[in-house]
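A quick write-up on the structure given underneath.
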Amino acid sequence: MNRADLNKKTTDIASMFDEVAPRYDLMNGIASLGQHIYWRKQTVAAVDARPGQRVLDIAAGTGTSSEPFADAGVDVVAADLSEGMLAVGRKRRPDMTFVQADVTDLPFEDEEFDAVTMSYGLRNVADFPRALREMYRVTKPGGRIVVLEFSTPTFAPFAAIYKNCVLPAIPPVAKVLSSNPESYVYLGESILDWPGQAELAQHFADAGWADVKYRNLTGGIVAIHRGFKPSK
């Protein structure tokens, strides 16, 4: 079984997600206690894409996060590093566009998309500031970025319970349900290693994004960061 470490080598990350692809969506639901449905709805609302607009959904995995856009008539491209994830998505939604892509070197033209979005993927990128710059490059002036990512709970007692009880409980569950339970050890470690909300917002600003704001969901277990590319 493969698990990536916090050095986040691109090949290790891709291989790890290839292995967990068949039951990845199931594990997401269990690990989040069903909250992932609410989190994704809030993310889709923050993107606020309209029919006729073009959206790049990065780290789309099996395309679950892309489906609401496609169903609403939005031209969405589901991109992911893991070909295993994309293969599952293509079988499930043959009507959608899936593209294998490294977010630090996107295979798209400058200013191609009205919005870019990413769910649970940014912390898996070794050079995530470069990823933020690449997403900026492919976004049209006046376009927006929306990133849903695990974050730092804002209520200290709950943060302690989350760190010491909730996250450690995920690998044992994965041992029963996942083809690669070791990968969920990495996922827990990567959540704890990730910058807090304000620090991450500063990285967005450093990459050129303007009017960067974040919104905590479920007490800060996850946060939505949104910014805009200045109009010319």
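What you are looking at is a predicted structure, and each value in this text was computed from that prediction instead of being measured.
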Atom [atom1] of [X] and atom [atom2] of [Y]: how far apart are they, to the nearest 0.5 Å?
X    : Y    : atom1 : atom2 : result
R215 : T43  : CZ    : OG1   : 9.0 Å
R226 : D48  : CZ    : CG    : 7.5 Å
L217 : H36  : CG    : NE2   : 14.0 Å
K140 : S231 : NZ    : OG    : 12.5 Å
L86  : T97  : CG    : OG1   : 11.5 Å
N216 : I224 : CG    : CD1   : 10.0 Å

Q. Do NZ/NE/NH1/NH2 and the carboxylate oxygens of R54 and D114 come within less than 4.0 Å?
A. no
Q. Can R144 and D211 be counted as an ion pair, charged N to O under 4.0 angstrom?
A. no
[X] side chain vs [Y] backbone, donor-acceptor pair below 3.5 Å:
X    : Y    : result
Q197 : S151 : no
R92  : T62  : yes
E149 : A223 : no

**Q.** Passing option when L56 is tested against V138, T139, V99 for side chain to side chain contact (heavy atoms under 4.5 Å, CB included)
**A.** V138
Q: Could you check T117, L132, V212 and say which one makes a side chain to side chain contact (heavy atoms under 4.5 Å, CB included) with I145?
A: L132
When hydrophobic residues are tied together by side-chain contacts of less than 4.5 Å, even through go-betweens, does [X] share a cluster with [Y]?
X    : Y    : answer
L106 : F113 : yes
V103 : F98  : no
Y214 : L200 : no
I58  : M96  : no
M118 : F228 : no

Q. Step by step, would you call E83 with R90 a side chain to side chain contact (heavy atoms under 4.5 Å, CB included)?
A. CA-CA 10 Å; E83 182 56 42; R90 290 188 187 104; 2.6 Å; yes
For a quick test of reading the model, state the closest non-hydrogen atom pair linking [X] to [Y] and the distance between them.
X    : Y    : value
A131 : L122 : CB-CD1, 4.2 Å
G196 : T152 : CA-OG1, 3.7 Å
Y136 : P230 : OH-CD, 3.6 Å
V76  : S66  : CG1-O, 3.8 Å
E109 : R137 : C-NH1, 3.6 Å

**Q.** Derivation of the side chain to side chain contact (heavy atoms under 4.5 Å, CB included) call for F108 and E134
**A.** CA-CA 10 Å; F108 303 108; E134 266 293 272; over 6 Å; no
(Q) Determine whether W209 and M135 satisfy the following criterion, side chain to side chain contact (heavy atoms under 4.5 Å, CB included), listing intermediate values before the conclusion. (A) CA-CA 10 Å; W209 298 100; M135 289 188 276; 4.2 Å; yes
(Q) side-chain hydrogen bond (donor to acceptor under 3.5 Å, both in side chains) for D57 and S65? Distances and angles first, verdict last. (A) CA-CA 8 Å; D57 184 15; S65 57; 2.5 Å; yes
Q. Parallel, tilted or perpendicular for H225 and F204, by the 30°/60° rule?
A. parallel
Q. Would D80 and S82 count as having a side-chain donor-acceptor pair, cut-off 3.5 Å?
A. no
Q: Please assess F128 against R123 for the test side chain to side chain contact (heavy atoms under 4.5 Å, CB included), listing each intermediate value before the final yes or no.
A: CA-CA 7 Å; F128 74 86; R123 75 182 191 287; over 6 Å; no
